[in-house]
Amino acid sequence: MLDPKLIRGDLDRVARELARRGMTLDTSKISELEAQRKDVQVRTQQLQNDRNTRSKAIGKVKAEGGDIAPLMAEVAKLGDELAANEKRLESLQAELDAILLTVPNIPHSSVPDGRDETSNVEVRRWGEPRKLPFAPQDHVALGEALGQMDFECAAKISGARFTILKSALARMHRALIQFMLDTHTRDHGYTEVYAPYLVNADSLRGTGQLPKFEADLFKVSAEQSFYLIPTAEVPVTNIVRDTITDEKDMPLKFVCHTPCFRSEAGSHGKDTRGMIRQHQFEKVELVQVVRPENSYEALEQLTSHAETILRKLELPYRTVALCAGDMGFSAAKTYDIEVWLPGQQKYREISSCSNFEDFQARRMLARWRNSQTKKPELVHTLNGSGLAVGRTLVAIIENYQQEDGGILVPSALRPYMNGVDTIRRQ
RNA sequence: GGAGAGGUGGCUGAGCGGUCGAAAGCGGCGGUCUUGAAAACCGUUGACCCUCGCGGGUCCGGGGGUUCGAAUCCCUCCCUCUCCGCCA
C-alpha cells in the first residue's frame, strides 16, 4: 500500500509515477472521496467530542446525586447525527481503502521505462552457452528418455501441469534444495525457516496477493478456509506482520524451502510443455527485512546470493532489470535472473528479486524501533528466489546433456548425489 | 471429538458500566551518586488517525450488539492453556 499521506499530499505526482507502469489512477475519484472523508471525519470527531464531554458530565452529576434528566435529553439529540456520520465515515474509509489496496507500488527512479519485457535492461551476463556438437534436446525429451520424468502419469493422478520424477532425477531435485539451503545458510548468513503452506487471507493481503490476485491462488475450503501459498514469500514475510523488530536484530535474513502452488489462471497455452510452468513446484526463497536506508544495497546483495547458486552450478545466465511496466504489483524494483535453456535456445526466468520498500510493510504494519527517533518506523522488505528448484533442474538437464542422452551431474551437486557423476537410464 | 479456563501497553499483571489509555512490577530511556560499573534513589516511557499549530479522535484478540456512556454486560468468530479421547 502506498502512503496515504503521499496520496493526499501529491496525488498528481503519484499518478505520474504510476503511469510509468501503464496504470491510470482515477485521481478525480480519489480526491473527491478524500475531500468528503476529511469533512465527515472532522464533523464526526466534533460530535464524538461533544458526546464524550456530556457523558462524563452525566457521570459526575450522577455521582454527586444530582438530576441527570436534562443532560440526558441534550445528549439524546446527538445520537442520531453521530451515528449517521460514523456510518458515513466508515463507508468512505472502506471505499478509499478498497482503492488503495489495489494501487500498485511506485517504481524506483532507477527502474527503466517501458511497457513490457521487451524494454527490460540486461545488467550483466555470466557464462557462455555451451556449443554442443549435436542438436540439443529439451528436458522433456531427455527426462522421458531416461524414464525418470512422466507427465502422462502425473496428468492421470492430478491433471495438466504436474510432474512425476523418479530415481536420479527425483534425487537431484531433492539435492538441489539441500544444496541451495546449505549455501544460503553457510555462506550468505540466512536463517533457515520452516513455515506453513496454508495461510490466511490477512497474510496474503500483507504481501499484496490479495485482494487483487485471488484468481492466481488455490483456495482450500474446509471448516476454515485457507489458501495454498504461491511462494514462501507469503508466510516468511508475514513473520514480521504486526511486530516491532529491534534495531539490533536487523537485518533479518530468512531462507525457506517450500512447495508453491499457483492456479496459472490466464496462462493457458503458455509453457504447456514440460516442467517450466506447473501448478506445484519447489522453491527456495530468500527474504530480508531491513532498515529503509539499506534496502537498495540489500537488493544488490540478495540478487548476488541467488546468482551464486547458478555460478556454483556453472549454468550460464543473465540478470535483467525489469522495466516499470513489467514489474509485479508490490515491487518498487525487480531484477530477474534468467538461465540459458538450450532446449529453447533462450534465457528463461529462474529467479525474481525485488525490493518492496515499505509497500508490504505498510499493509502488514511491520515496523522497527529507530534508536535515533525512538519511534517505530516501517521496515523495508525484499525477497527473491534462490532459486526456483524445478526450473533449475530443467536447466541442469538441458545444459549438461550428453550426446547419448545422459546427464552430467554438476560437480557442486555431486556430494549431494552420493557420488553419481552421470544420470543414465537404468 | 468431549469438558473447562483465559486473551489488557515491550513483558508480567490489576481493573465496581461513568475524569481508565488504563494500577503495580519488570524492562527501556534520562538523571543523582561512583574513578568506572553495579546497587540505591529521582524522573520519564504505548500505538494509530485528523490538524501548520492549539487541540481533538480511535484503539484493552477480531467483528457485531445493549447503553447517554463499555476494558468492564450480551452475541459471534479467532487464538492460547489444562484435562480426557484419538492420532502422523
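Order of the sequence lines fixes the chain letters, A, B, ..., with proteins taken first and strands second; residue numbering starts at 1 for each chain. Keep in mind that the numbers below use all heavy atoms, side chains included, and drop hydrogens, waters and symmetry copies.
- Across all strands shown, B:C41 forms a Watson-Crick or G-U wobble pair with B:G31, both key distances being under 3.5 Å.
- Taking atom P in both B:A47 and B:U32, one finds a spacing of 26 Å when rounded to whole Å.
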Under-3.5 Å N/O pairs linking protein and nucleotides 27-30 of chain B:
none

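- Mapping A:N49 and A:I244 onto RNA chain B by nearest heavy atom places A:I244 at the nucleotide closer to the 5' end.
- Centroid-to-centroid, the aromatic rings of A:H380 and A:F359 stay 6.0 Å apart or farther.
- Inspection of the A:K333 and A:S110 side chains reveals an N or O donor paired with an N or O acceptor under 3.5 Å.
- Atom-to-atom, NZ of A:K87 to P of B:U58 comes out at 19 Å; the value is rounded to the nearest Å.
- Across the C1' atoms, B:G17 and B:A22 are found 15 Å apart, a figure rounded to whole Å.
- Side-chain atoms of A:Q48 stay outside donor-acceptor range of the base of B:G57, with no qualifying N/O pair under 3.5 Å.
- For B:U66 and B:C75, the C1' atoms lie 11 Å apart once the distance is rounded to whole Å.
- Using a 4.0 Å heavy-atom criterion, one finds that A:R367 contacts the sugar-phosphate atoms exclusively.
- Residue A:D246 is classed as having no contact, given no heavy-atom separation below 4.0 Å to the nucleic acid.
- Note on A:R369: a side-chain N or O is less than 4.0 Å away from OP1 or OP2 of B:A47.
- Between the side chain of A:R205 and the backbone N or O of A:P211, no donor-acceptor pair lies under 3.5 Å.
- Proximity of the aromatic rings of A:H305 and A:Y190 is defined here by a centroid distance below 6.0 angstrom, and this criterion is met.
- Side-chain contact of A:Y227 with A:Q209: a donor-acceptor pair under 3.5 Å is absent, judged by distance alone.
- For the P atoms, the distance linking B:G64 with B:U72 amounts to 14 Å, nearest Å.
- Atom CZ in A:R51 sits about 16 Å away from atom P in B:G18, given to the nearest Å.
- B:C74 sits 28 Å from B:G1 when the C1' atoms are compared, rounded to a whole Å.
- Across all strands, A:P376 comes closer than 4.0 Å only to sugar-phosphate atoms, never to a base (heavy-atom distances).
- Rounded to whole Å, the distance from NZ on A:K56 to C1' on B:G17 is 15 Å.
- Nucleotides of RNA chain B nearest to A:P4 and A:I58 differ in position, and the one nearer the 5' end is that of A:P4.
- As rounded to whole Å, 19 Å separates atom P of B:C78 from atom CG of A:D242.
- The separation of B:C84 from B:G25, taken at their C1' atoms, amounts to 37 Å, rounded to a whole angstrom.
- The six-membered or imidazole ring of A:F261 lies away from that of A:H279, with a centre-to-centre distance of 6.0 Å or more.
- The backbone N or O of A:M1 sits less than 3.5 Å from a side-chain atom of A:R362, completing a donor-acceptor pair.
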